[in-house]
Amino acid sequence: MGQGDIWFKGFIFAFAASIPLLLVSLVVVLFFWAWPAIIHFGWSFIFSSAWDPLADNYGALPFIYGTLVSSLIALLIAVPLGLGCAIFISEIYKSKTGEYIALMVELLAAIPSVVYGLWGIFVLAPFSAAYIQPVLGGMFGFLPLFQGPTSGPSLLTGGIILAIMILPTITALSREVLQAVPYSLRESAMALGATRWETFKVAVFGPARSGIIGAIILGLGRALGETMAVTMVIGNRPRVSASLFAPAYSLAAVIANEFAEAVTELNLAVLIELALILLVITIAVNGLARYLVWQTTLKK
Amino acid sequence: MIREIKERCFLAAVFFSAALAVLPLIAVLGYVFVKGIGALDLNFFTQLPAPVGDPGGGMANAMVGTFILVGIACLVGLPVGIFGGIWLAQYGSGKRGFIIRYSADVLSSLPSIVIGIFAYVLIVATMKRFSAIAGGFALGIIMIPVVTRTTEEMVKMVPRTLYEAGLALGLPEWRVSLQIVFRTAWNGIFTGVILAVARIMGETAPLIFTAFNTMYWNLRIDQPMASMTVQIYNYAISPFSQWQAKAWAGSLTLVFIILMVTLVVRKYSKRVYYG
């Protein structure tokens, strides 16, 4: 190996090695900046609902609650729809039209979240208050989740906008997983006289299952970290309410709204600690998803 | 009989959910188009934002700002992504390669607002003011994983024989890597870079407390800089219908650019790879 080769290899390795370095320094720097808040509040920070910047008293519970519940609502809506859409494209309607639908779904993943947020403020939120919430209240009003006054910007509206945003992710990934299932399996089931439903149930869903779960969790990861659209429709009120119709708040939303105006050092540290909590949740969720997706796609 | 009912139910459910999934997405695009086209005019592309009540006004400074921010992001993200990707493709089969690949994966899954905070504490807190550098830096980090992965994949697609032919001619390894392998893979890498640019153009969250915003012309990268996304956000949450109309117009412009870029690049890359 010549002198030039050694230099070249070292040069490009430095760039490659900067990626893990960047990641580690990101975590370390955030931890360092959040440290004043971590020692000031301890573990009780996570379970406290206080939010009073004037008195310098803070708690993370309403934001963690808002993030988790809005993402959960998003999954409840987007998983059946996205999975159905993926089955439609890859199992039922395998033609030019199916490919166009797939392309369209992928393009929609490229639309900026602030645009979804704009639509959310002026179209979805009023629609949610006028139609979705009264209907849900009428059907399930006996549950505390669906009681109370309706409100355009609310936890439910935040969940719905997230569902729309993660639909492309879930659809595209599930489609890939479904198409990784060998055709011979489907053909054997068909040859035995199975209907399309039976073919799917017996031959496709089994091998694809852990991959589909992975796709769902990757969608969840995207929902947890999504900022702008949620900030614009969730209502931005730091309180845990029993009702989904009430305004709420999320981790990413409070950072987006208050970070530029943080006054005291503790206020800044608290917001960075919230970011750290968000970071830990998303890394854990994505790690799990990747493990599950790897399991399926590596097996083929 | 029961089998047939089940089959019918299955097909109906799948068809229904596909239709329901596409519906809100079409609604979003439809609204952006209809509301945006009504608010678009030539002023929108040539003028500064106007105060409430004044007629006209546009987003010219924000459009220029977005391109400058994307340019800074490319300066940060492309060297790391491209050289890192080449290293991964050629030498990254061992443990070090696994760690780097895994880090890139984790980096790509981080919420973009967290990366914005990183840029804030590193650059804004040090310089004691919002700046285009901080915003571009944050966007650059977001680009890195995408560019790294595309470069690695594209370099790996170059036939091994080409590499060996270069070596057999007596060329040093680094010249084979750069002048033969990289140049062959360049078309594909370029596609990946353009898709990454399209993605960061739509980012808002990492910019609101790094590049911040301004209503005036600014070409200095150590000063706050306007971007289309942050401007759309500020207009969208404002109580004035005149500004809200500008938000729709900005959205239409941004969505149009991003979708066109994505579509054209896809078509172009298909021609390159699949004949």
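Quick caveat, the model's predicted, so the values are computed rather than measured. In what follows, chains carry the letters A, B, and so on, assigned in the order in which the sequence lines appear, proteins first and then strands, with residues in each chain numbered from 1.
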Heavy-atom pairs under 4.5 Å with chain A are the metric here; pick the option from B:Ile117, B:Leu254, B:Ile86 that has the most.
B:Ile117
Is there a side-chain contact between B:Tyr233 and A:Met232, using heavy atoms and a 4.5 Å cut-off?
yes
Picking from A:Trp119, A:Phe32, A:Tyr116, A:Trp7, which has the most non-hydrogen pairs under 4.5 angstrom with chain B?
A:Trp119
Contacting moiety of B:Tyr102, where chain A heavy atoms sit under 4.5 Å:
side chain
Honestly, the part of B:Ala205 sitting under 4.5 Å from a heavy atom of chain A is both
Check whether any side-chain heavy atom of A:Met228 lies under 4.5 Å from a side-chain heavy atom of B:Ile208, and answer yes or no.
yes
Here the gap from B:Gln90 atom CD to A:Phe8 atom CZ, rounded to the nearest 0.5 Å, amounts to 6.5 Å
Examine whether an atom of B:Leu11 lies under 4.5 Å from a heavy atom of chain A, and if so say whether it belongs to the side chain, the backbone or both; otherwise answer neither.
side chain
Contact part of A:Met165 toward chain B, heavy-atom cut-off under 4.5 Å: side chain, backbone, both or neither?
neither
For residues A:Phe15 and B:Ile82, determine if any side-chain heavy atom of one lies less than 4.5 Å from a side-chain heavy atom of the other.
no
Is chain A contacted by the side chain of B:Phe212, its backbone, both, or neither, given a heavy-atom distance below 4.5 Å?
side chain
Tell me, yes or no, whether the heavy-atom count around B:Phe33 atom CZ, taken from other residues, nucleotides or ligands under 6.0 Å, exceeds 12.
no
Please report the interatomic distance CG(A:Leu167) to OG(B:Ser17), rounded to the nearest 0.5 Å.
9.5 Å
Quick one: what part of A:Leu26 sits under 4.5 Å from any heavy atom of chain B, side chain, backbone, both or neither?
both
Beyond-backbone contact of A:Thr195 with B:Lys6, side-chain heavy atoms, under 4.5 angstrom:
no
With a 4.5 angstrom heavy-atom cut-off, could you sort out which part of A:Ile255 is near chain B: side chain, backbone, both or neither?
both
Would you find more than 12 non-hydrogen atoms of other residues, nucleotides or ligands less than 6.0 Å from B:Arg8 atom CZ?
no
Restricting to non-hydrogen atoms, name the atom on B:Pro111 and the atom on A:Thr282 that form the minimum distance, rounded to 0.1 Å.
CD-OG1, 3.6 Å
Given heavy-atom pairs under 4.5 angstrom as the criterion, report whether the side chain, backbone, both or neither of B:Thr151 touches chain A.
neither
Can you find a pair of side-chain heavy atoms, one from A:Ile111 and one from B:Val32, that are under 4.5 Å apart?
no
A:Phe13 ring centre to B:Arg96 NZ or CZ under 6.0 Å, with the angle to the axis within 45°?
yes
Can you say whether A:Ala223 sits under 4.5 Å from chain B via the side chain, the backbone, both, or neither, judging by heavy atoms?
neither
Could you walk me through whether A:Leu83 and B:Val14 pass side-chain contact (heavy atoms from CB on, under 4.5 Å), step by step?
CA-CA 8 Å; A:Leu83 201 56; B:Val14 165; over 6 Å; no
Under 4.5 Å between any side-chain heavy atoms of B:Ile237 and A:Thr231, yes or no?
no
To the closest 0.5 Å, what do you measure between CG (B:Leu122) and OG (A:Ser25)?
7.0 Å
Where do A:Lys9 and B:Trp87 come nearest, in terms of heavy atoms and distance?
O-CD1, 4.1 Å
Name the region of B:Leu195, side chain, backbone, both or neither, that has any atom closer than 4.5 Å to a heavy atom of chain A.
neither
Between CZ of B:Arg175 and CG of A:Asp5, what distance do you get to the nearest 0.5 Å?
11.0 Å
Specify which of A:Ala163, A:Ser18, A:Ala256, A:Ala109 makes the most heavy-atom pairs with chain B at under 4.5 Å.
A:Ala256
Honestly, the part of A:Ile283 sitting under 4.5 Å from a heavy atom of chain B is side chain
Pair A:Phe88 and B:Phe15, ring centroids less than 6.0 Å apart:
yes
Pick one of side chain, backbone, both or neither for A:Ile92, based on which atoms fall under 4.5 Å of a heavy atom in chain B.
side chain
Measure A:Ile121 against the heavy atoms of chain B and call it side chain, backbone, both or neither at under 4.5 Å.
side chain
Which answer fits B:Thr210, side chain, backbone, both or neither, if we ask what part of it has an atom under 4.5 Å from a heavy atom of chain A?
neither
CD1/A:Ile164 to CG/B:Leu25 distance, rounded to the nearest 0.5 angstrom?
7.0 Å
Applying side-chain contact (heavy atoms from CB on, under 4.5 Å), run through B:Phe10 and A:Ile87 and close with a yes or a no.
CA-CA 10 Å; B:Phe10 174 63; A:Ile87 296 173; 3.9 Å; yes
Within the structure provided, determine whether B:Thr204 and A:Pro112 are in side-chain contact (heavy-atom separation under 4.5 Å).
no
Roughly how far, to the nearest 0.5 Å, is CG of A:Leu23 from CZ of B:Phe118?
9.5 Å
Which word best sums up how the rings of A:Phe259 and B:Phe209 line up, parallel for under 30°, tilted for 30 to 60°, or perpendicular for over 60°?
tilted
Chain A contact via B:Ala104 - which portion, at a heavy-atom distance below 4.5 Å:
both
What part of A:Pro80 is in contact with chain B, defined as an atom under 4.5 angstrom from a non-hydrogen atom: side chain, backbone, both or neither?
backbone
As a test of understanding, state which of B:Val106, B:Ile100, B:Ile141 forms a side-chain contact (heavy atoms from CB on, under 4.5 Å) with A:Ile19.
B:Ile100
Answer yes or no: is there a side-chain heavy-atom contact under 4.5 Å between B:Trp174 and A:Ile12?
no
Honestly, the part of B:Ala27 sitting under 4.5 Å from a heavy atom of chain A is both
Tell me, with the steps shown, if A:Val114 and B:Val230 meet side-chain contact (heavy atoms from CB on, under 4.5 Å).
CA-CA 8 Å; A:Val114 71; B:Val230 175; over 6 Å; no
Angle class for the B:Phe83/A:Phe11 ring planes (parallel below 30°, perpendicular above 60°, tilted otherwise)?
perpendicular
Using modelled atom types and a 3.5 Å cut-off, is there a donor and acceptor pairing between side-chain atoms of B:Glu7 and backbone atoms of A:Trp197?
yes
